[in-house]
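As the structure lists them, so they are numbered: ligands from 1, and atoms in each ligand from 1.
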Amino acid sequence: MDRHSQLHCRFAVAVLGLAASKACADPPQSALHPAGREAEVVADLFWWMAGAGFVIWALVVALAIYVSLPGRRSFSPRKTRWLILYGGAVLPTLLLAILLIYSLSLLPRLRDDADVDLRIAVSGERWWWRVRYPQPDGEGWLELANEIRLPVGQRVEFVLSSPDVIHSFWIPALGGKVDMIPGRTTYLFLEAQRPGVFRGACAEYCGSSHAFMNFDVVAMPPAEFEQWLAAQAQPAAEPDSELTRRGRSAFLANGCGACHRVRGTQADGALGPDLTHVASRLSLGAGLLPTETETFRHWLQETEALKPGVRMPAFGVLPEEQLSAIAAYLSSLE
Ligand code: CUA
């Protein structure tokens, strides 16, 4: 944590108490611990607004205490008029005008579309994220899901959309948020300034699993990012054991491929998240569970209980042995 945010942390602890001190350790989802240029602008605005609000509050409280002191003579009519005119009209108008001009002056820095290095298309689905990158060879798009990786120090343009309901795309530590609106395309420009793992969320109520619609954001050095993208563009790994081979057969035989794509197999569905490298992600089910064999199995068995309203049916009816094999296969897709 740099000195700047340490200071802010101390201020937050002083004002808000213990809750803030706990959150200050290393928060992945805090707009007050910016890791990007845009988030820094928003955090600065917050601190100025909070500071100005605190000063006005302190003045009002001091005045209220002063006038209620015992034995104090009342103000003369002239003084009262003066107080109402300057304290009640001139001062607030001036302060609000200054804050308004300051916040408007920040807007160009938040909407700066010059020098975009990378374009990432994200679509809000029910209730997960479809993420498309330009193919490393420059031909068409590479579709991934539920995790966004970014090169540090490069300006990224997010092209946001939704096929059905309104979502809102927000990565508090990097900046945002912007609505994803059916029938329209919206844009968000972000630049990560340091490597790290952050958390993004849907910030607009969109249905029964709105609260389970999160994603991991990994900001990485550009060279590592290129490597990662090239690896994601590869087809899925071939099963390397008897169990995972059976898992792949069960996956294909039970119709999973109607909704999911696993590049390199017959599974070519586009309705649900792409699973080609699902086990390389930090989470399963859009920020819900870690990607382990056990959690894949849990997800297959109790999809609806884990994510109410999800379109994927639960596969708890399958024999134990098939569930274990599919879970083993999915967790081998790194
Ligand atoms: Cu998507 Cu709330």
query = So, for Y187 and F158, is the gap between ring centers shorter than 6.0 Å?
reply = no

query = Heavy atoms, side chains only, cut-off 4.5 Å: are N146 and P273 in contact?
reply = yes

query = By atom name, which N, O or S atom belonging to H167 lies closest to atom 1 (Cu) of ligand 1?
reply = ND1

ask   = Does the gap between the ring centers of F215 and F169 come in under 6.0 Å?
value = yes

inquiry  = Among the N/O/S atoms of H210, which is closest to atom 2 (Cu) of ligand 1? Give the atom name.
reply    = ND1

ask   = Think R78 forms a cation-pi with F75, using NZ or CZ under 6.0 Å from the six-ring centre and within 45 degrees of its axis?
value = no

key: At atom 2 (Cu) of ligand 1: angle between E204 atom O and C206 atom SG, to 10 degrees   = 110°

task = Check whether any N, O or S atom of M213, backbone or side chain, sits closer than 2.8 Å to atom 1 (Cu) of ligand 1.
result = yes

